[in-house]
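A short write-up of the structure that comes next.
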Amino acid sequence: MAQKIVAGNWKMNLQFDEALSLVEGILEGNRPSDVDVMAFPTALYVHALSEKVKDEISVGVQNFSPKESGAYTGEMSISQVKSLGASIGLIGHSERRAIFSETNEDLKEKVDASIAKGFRFIFCCGEPLEIREAGTEFSYVKNQLEASLFHLSANEMMNGIIAYEPVWAIGTGKTATSSQAEEMHAEIRSWITEKYSSEVAQSVSILYGGSCNNKNAQELFACPNVDGGLIGGAALKPASFLEIINAF
Ligand code: PEP
């Protein structure tokens, strides 16, 4: 069975003292033992936060370079973020794709670097509004996965994490309905089954992201193919994030 996961993507939000209070609030709250909780703060806070949360919450980075070292001003390598306590990274968030022009090829390089370094990742995919309106969302998302992720071997895909985040739902307050989410998640799992095996497909956690909050998480997480959520805005307050963690 796929691991249940609730991950908070804090984006470029929170001052350091606010980030500390947020993790303190999460640590103090009730968290079911079968849910993996993850936090993706700005990389600047990774060291302090990972010291604070020990093994209770996985601390990750929102971005990293696939390069090992060298003249890449402003970048940070997997070894560097690992040395600060990051155990996982986001790859392919729609804001990285749209604002920072990251291509499927760039994301493939990050996937390969992560595998080579034993660094876990959440691979994000999802269609923009015009693709949904054109009715071509399934082929669009399948292409994202085929271009950057499905070259991995079955062993490498085992226990992987994919986040389906329709771009039109991110930060808009417009959540996908539970049937829209379930439909895409079921498709993603069927593509993994076709490409690899049902054993691999059942081991991959498929998270929903896009205006998931404490009001709608329960309905989304009740879908058979939704294994949890990647949460933006609603992850910034301990009370709402804790409600989401407890929504299974
Ligand atoms: C995200 O950025 O991954 C996200 C899902 O944001 P929000 O929950 O705010 O839509």
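Just so it is clear, the structure is predicted and the values come from calculations on it, not from any experiment. All residue numbers refer to positions in the sequence shown, counting from 1. Ligands are counted one by one from 1 in listed order, and the atoms in each one are counted from 1 as well.
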With distance as the sole test, does T172 use its side chain to make a donor-acceptor pair with the main-chain N or O of A169 at under 3.5 Å? yes

Any chance you could lay out the ring pair (Phe, Tyr, Trp, His ring centres under 6.0 Å) test for Y208 and F221, step after step, and finish with the verdict? CA-CA 9 Å; Y208 170 77; F221 294 178; 8.7 Å; no

In chain order, what residues pass the salt bridge (Lys or Arg N to Asp or Glu O under 4.0 Å) check against K82, with sequence neighbours excluded? none

Considering only heavy atoms, which protein residues lie less than 4.0 Å from any atom of ligand 1? N9, K11, H93, E165, A169, I170, G171, G209, G210, S211, L230, I231, G232, G233

Correct closest heavy-atom pair for Y164 and I188 would be CB-CD1, 4.1 Å

Single hit among E182, E183, E187 for side-chain hydrogen bond (donor to acceptor under 3.5 Å, both in side chains) with N225: E182

Side-chain touch N159/V204, heavy atoms, less than 4.5 angstrom: no

